[in-house]
Every structure is written in C-alpha cells, then in structure tokens.
Amino acid sequence: MFSDIWIARKSALKLSRTLMVATMVIAVGTQFSVITAEDHDNSLTIVNEYDPYQ
C-alpha cells in the first residue's frame, strides 16, 4: 500500500514494463495499491491504468 499517489504511479509503470502486463493503481480508503489487470474487480476504484504495449 502506498500513501503517495506519485509513488504508486511510478511503481505501477515500472511493474507494467518489467512484467509486460497491464497494471492499475487503485484507491483503497486513503491509500493506493498496484494490481495487475488479471486481478481487476468491478468493485475497485481505478485511479490509473498502465499498458506496456502502448
């Protein structure tokens, strides 16, 4: 979990490029988390999406 959105975005982008999978930054209360697109659920609040192929 990240409390700073900038660090969460940076981590999601790096993870996306490293694993070559789409990643997302989601809001969880007042904090942020990074998940892969595979773990996405419609109940999550997506802040940013990163696709390594774009």
Side-chain angles (χ1 to χ4, degrees):
M1 299 288 276
F2 301 96
S3 57
D4 186 2
I5 186 67
W6 186 82
I7 295 172
R9 288 177 176 166
K10 187 176 175 180
S11 297
L13 180 60
K14 184 176 180 178
L15 185 63
S16 177
R17 289 181 177 168
T18 301
L19 298 178
M20 295 305 290
V21 298
T23 59
M24 301 175 181
V25 176
I26 59 169
V28 181
T30 60
Q31 296 190 344
F32 304 95
S33 185
V34 177
I35 63 168
T36 62
E38 182 178 287
D39 296 328
H40 178 261
D41 184 358
N42 289 335
S43 66
L44 302 173
T45 305
I46 299 171
V47 178
N48 286 96
E49 297 180 32
Y50 297 96
D51 187 353
Y53 299 106
Q54 290 184 339

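All values derive from a computational prediction rather than experimental measurement. Numbering of residues begins at 1 and proceeds along the displayed sequence.
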Shortest non-hydrogen separation from [X] to [Y] and the atoms involved:
X: Ala12; Y: Thr23; value: O-OG1, 2.9 Å
X: Phe32; Y: Val25; value: CB-CG1, 4.1 Å
X: Pro52; Y: Met20; value: CG-C, 3.6 Å

Exercise for review: May I ask you to decide if Ile7's main-chain N or O and Ser11's side chain share a donor-acceptor pair within less than 3.5 Å?
Suggested key: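 Side chain of Ser11 to backbone of Ile7: a pair is present.
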**Study point:** Summary of side chain to side chain donor-acceptor pair (under 3.5 Å) pairs that have at least one residue in residues 44-54, sequence neighbours excluded
**Key:** Arg9-Asn48
Do [X] and [Y] belong together in a cluster built from hydrophobic side chains that touch within less than 4.5 Å?
X: Leu15; Y: Ile26; result: no
X: Ile5; Y: Leu13; result: yes
X: Met24; Y: Trp6; result: no
X: Ile35; Y: Val21; result: no
X: Val28; Y: Leu44; result: yes

Exercise for review: Apply the test side-chain contact (heavy atoms from CB on, under 4.5 Å) to residues Leu19 and Arg17: give CA-CA distance (whole Å), side-chain angles for both, the deciding distance (0.1 Å), then the verdict.
Suggested key: CA-CA 6 Å; Leu19 298 178; Arg17 289 181 177 168; over 6 Å; no
